[in-house]
Participant: 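Quick one: this structure, given as structure tokens, is what I'll be asking you about.
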Amino acid sequence: MVPTSMDELVQLLEALTDQLISEIEHVDYQAMERFVERRESIIAGIRAVEGQQPIQDKHKESIKRVMQYDPIITRKIAFFCNEARLKMQGIQQANTQRNVYDAAYGSDSLFFDKRK
């Protein structure tokens, strides 16, 4: 069932945010990605319904409460970005070291084995 009323959408946004915040220390980047996608979908729904039903004060308060968690969510996303950046640097460094090694021992080198 797709939420069609402002009440349903705001309640869904609150529940989704509350669940993420309660598990924020154990959330992996995939769960965070699903949260962001779902949140965007809910917000798009709120904007669509807003044209038909004005946002009431109770909705504004609920949305404001949800937005108070944005700094916590942003820090977690920044953590994942930093983690990915560090992994990419490690991969780039390994590739650089491998390329230096490969260049030092190119395919034009020959090795001869001698039997004693």
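Positions are given from 1, in the same order as the sequence printed here. Quick caveat: nothing in here was measured; it's all calculated off a predicted structure.
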Participant: Less than 4.0 Å between a side-chain N and a carboxylate O, is that true for Asp70 and Arg75?
Facilitator: no

Participant: Quick one: do Ile72 and Val66 end up in the same hydrophobic cluster if we chain Ile, Leu, Val, Met, Phe, Trp and Tyr together by side-chain heavy atoms under 4.5 Å apart?
Facilitator: yes

Participant: Would you call Gln19 and Ile24 a side-chain contact if the rule is heavy atoms closer than 4.5 Å?
Facilitator: no

Participant: For a 4.5 angstrom cut-off between non-hydrogen side-chain atoms, does Ile77 reach Val36?
Facilitator: yes

Participant: So if I apply the side-chain contact (heavy atoms from CB on, under 4.5 Å) rule between His59 and each of Asp7, Leu13, Leu9, Ile46, which one comes out positive?
Facilitator: Asp7

Participant: Determine whether Ile43 and Ile63 fall in the same hydrophobic cluster, where Ile, Leu, Val, Met, Phe, Trp and Tyr are linked whenever their side-chain heavy atoms lie under 4.5 Å apart.
Facilitator: no

Participant: At what distance, to the nearest 0.5 angstrom, does CD of Gln11 lie from OG of Ser5?
Facilitator: 7.5 Å

Participant: Can you tell me if Gln89 has over 12 outside heavy atoms packed within less than 6.0 Å of its CD?
Facilitator: yes

Participant: Work out which heavy atom in Thr17 is nearest to a heavy atom in Tyr69; give both atom names and the distance.
Facilitator: CG2-CD1, 3.7 Å

Participant: Going through the distances and angles, do Arg34 and Gln30 end up as a side chain to side chain contact (heavy atoms under 4.5 Å, CB included)?
Facilitator: CA-CA 6 Å; Arg34 286 189 302 272; Gln30 293 165 330; 3.8 Å; yes

Participant: Would you call Asp28 and Lys76 a salt bridge, taking side-chain N to carboxylate O under 4.0 Å as the test?
Facilitator: no

Participant: Side chain to side chain contact (heavy atoms under 4.5 Å, CB included) for Asp18 and Glu23? Distances and angles first, verdict last.
Facilitator: CA-CA 9 Å; Asp18 289 342; Glu23 302 169 351; over 6 Å; no

Participant: Would you say Arg38 and Leu12 make side-chain contact, with heavy atoms under 4.5 Å?
Facilitator: yes

Participant: CD of Glu25: more than 12 outside heavy atoms within 6.0 angstrom?
Facilitator: no

Participant: To the nearest 0.5 Å, tell me how far Asp57 CG sits from Lys64 NZ.
Facilitator: 9.5 Å

Participant: Can you tell if the side chain of Phe35 reaches within under 4.5 Å of the side chain of Val27, non-hydrogen atoms only?
Facilitator: no

Participant: Indicate the atoms forming the closest heavy-atom contact of Tyr29 with Phe80, along with that distance.
Facilitator: N-CZ, 3.5 Å

Participant: Taking the side chain as everything from C-beta on, heavy atoms only, tell me whether Met32 gets closer than 4.5 Å to Leu20.
Facilitator: yes

Participant: If you count every heavy atom of other residues, nucleotides or ligands that lies below 6.0 Å from Arg85 atom CZ, does the total exceed 12?
Facilitator: yes

Participant: Would you say that Met6 contacts Gln56 through its side chain, given a criterion of any heavy-atom pair below 4.5 Å between the two side chains?
Facilitator: no

